[in-house]
Amino acid sequence: MIELNGRQYRPPTTPVAVICADGCDPAYLEAGLAAGVLPTLARWGDNGFFALADAVMPTFTNPNNMSIVTGAPPSVHGISGNFARDRDSRAEVMMSDPRMLRSDTILALMSQAGIATAAITAKDKLRLMLGRGLAIGDNGICFSSEQADRCTPSEHGIADIETLVGRPKPDMYSADLSLFVLDAGIRLVEQNRAQLLYLSLSDYVQHGHAPGEPEALAFHQALDQRLARLAALGCIVALTADHGMNDKALADGHPHVLYLEDILNAQFGSGAARVICPITDPFVRHHGALGSFVRVYGKHAVPGLDPGIAAMRQAIGALPGIDSVLTREEACALFELPYDREADLVVTGDRNTVIGATAAEHDLSALDGHRLRSHGGAFEQRVPFLLSHPLTAEYRAITESRALRNFDIFDFALNGVAP
Ligand SMILES: [Zn+2]
């Protein structure tokens, strides 16, 4: 057994594949099941286990991936966004540096214990954190489809991924960025090179297409076919998501966005507030860095000394489209966030609203007539929690005693099913 963050995990005796289907709102699976294009998922719903779970807040990619691989909330692992401002230096940085991660991962401990472990991600931004502590080599493989053409045995534990998968690395803005991850995982299982796999996809399709649109149905059908292949190879397969996805556009098709830094500085004076959008990542073409969770910093770095914070809080609460506005203390308590990395105020948008910083900072030209779909708030917290095999009586009892979290998935996949 390995032990991490208060949980014990049994080493797999048959290959176990845990999939984080990025942006897989339950509505996509409902639409696919209704259309009859998800036969594998339908079967697992009957013979395995299918429920809904809560993702961690903010409902962004990095915090949730790190929660899934550590089995713990952001207060434990420290990753509370894709992008953040350092409270002391005020530097604005990507939250992708493994030094920011404050926990070991299940993947690292398993590989160190001699279990052949593979972590494959669509976007390279997650690779270093997912690979932290992995015994790269015989028991550790970690790479991204984004950089599948430049893998080396010393850095990634494997080379020639394009040969392995049988096609060139996909475009960053494509459905194949995710399917390539799944196909690479399948090849590793076929070649008996991985006993524990973590396959983390991209939400490119979900940002661009609503459930029921042909592109979304085709993508989830392709996902379902890969799930069937993994199961046919004898894997225990588990699937959850980092967040859901909602339409964030007005009736006229324009994004429904509040530029909060502009609003606050107009009301409280130039430079009174800085708004950080933690959805920001290097590839923002499909959402313009607009999500439903932002952080507000007052002019003074220390809360309590800034008399403007309480007034700002009140002003924000009166804006249309706001779901919640929380102090640093409230946000950390409610969402289990790391206090030293939290802002003066946390603001979330409702189901149909995204929040930006200044209009000048967000480039929406690439939306190109598409309705904006995004995530980040509590309305994107419900995600699927799916297993290919039925639960043991003990784990079935857990599902009846409390709400499931997406970061329960490794516990359930390794300890909770009878192969
Ligand atoms: Zn995501």
Side-chain angles (χ1 to χ4, degrees), residues 18-29 52-70 73-74 77 79-84 94-96 119-130 144-146 170 172-182 198-211 216 219-220 223 239-248 277-294 335 348-349 354-355 372-386 405-407 409:
V18 174
I19 297 162
C20 176
D22 200 321
C24 188
D25 195 281
Y28 288 101
L29 302 187
L52 296 181
D54 288 330
V56 304
M57 290 284 285
T59 48
F60 293 132
T61 299
N62 294 17
N64 277 281
N65 270 272
M66 290 309 119
S67 282
I68 290 168
V69 299
T70 61
H77 59 70
I79 304 302
S80 54
N82 302 345
F83 182 81
M94 300 303 302
M95 268 191 146
S96 53
I120 312 176
T121 165
K123 296 183 183 180
D124 204 66
K125 70 172 181 182
L126 276 174
R127 179 177 61 87
L128 291 178
M129 289 198 300
L130 288 179
S144 67
S145 34
E146 177 186 347
M172 272 311 287
Y173 297 101
S174 70
D176 196 39
L177 195 72
S178 293
L179 301 180
F180 194 92
V181 170
L182 294 164
Y198 182 59
L199 308 174
S200 185
L201 312 184
S202 139
D203 57 9
Y204 168 77
V205 169
Q206 293 84 353
H207 271 291
H209 301 285
F219 173 75
H220 290 90
L223 168 64
L239 182 143
T240 190
D242 54 349
H243 52 78
M245 190 72 71
N246 277 309
D247 183 286
K248 306 282 183 179
C277 301
I279 191 175
T280 306
D281 86 2
F283 299 96
V284 298
R285 206 163 84 188
H286 44 307
H287 54 65
L290 288 168
S292 297
F293 181 109
V294 297
F335 300 146
T348 63
V354 288
I355 308 169
L372 178 67
R373 299 178 57 74
S374 195
H375 54 93
F379 287 88
E380 292 82 36
Q381 219 177 341
R382 302 294 271 171
V383 291
F385 190 101
L386 181 74
R405 305 302 305 271
N406 60 351
F407 60 83
I409 195 81

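Atoms within each ligand, like the ligands themselves, are counted from 1 in listed order. Remember, it's a predicted structure, so these values are computed and weren't measured experimentally.
The atom of H243 that is an N, O or S and sits closest to the Zn ion (ligand 1) is NE2. Looking only at its N/O/S atoms, D242 has OD2 as the one nearest to the Zn ion (ligand 1). The atom name of the N/O/S atom in D22 closest to the Zn ion (ligand 1) is OD1.
Of all heavy-atom pairs between C20 and A241, the closest is SG-C, 4.1 Å.
Side-chain polar atoms of D124 and S144 form a donor-acceptor pair below 3.5 angstrom. Looking at D22 and H243, their side chains do bring a donor and an acceptor atom within 3.5 Å of each other.
The aromatic ring centres of H375 and F60 sit less than 6.0 Å apart.
Taking backbone and side chain together, T61 holds an N, O or S atom under 2.8 Å from the Zn ion (ligand 1).
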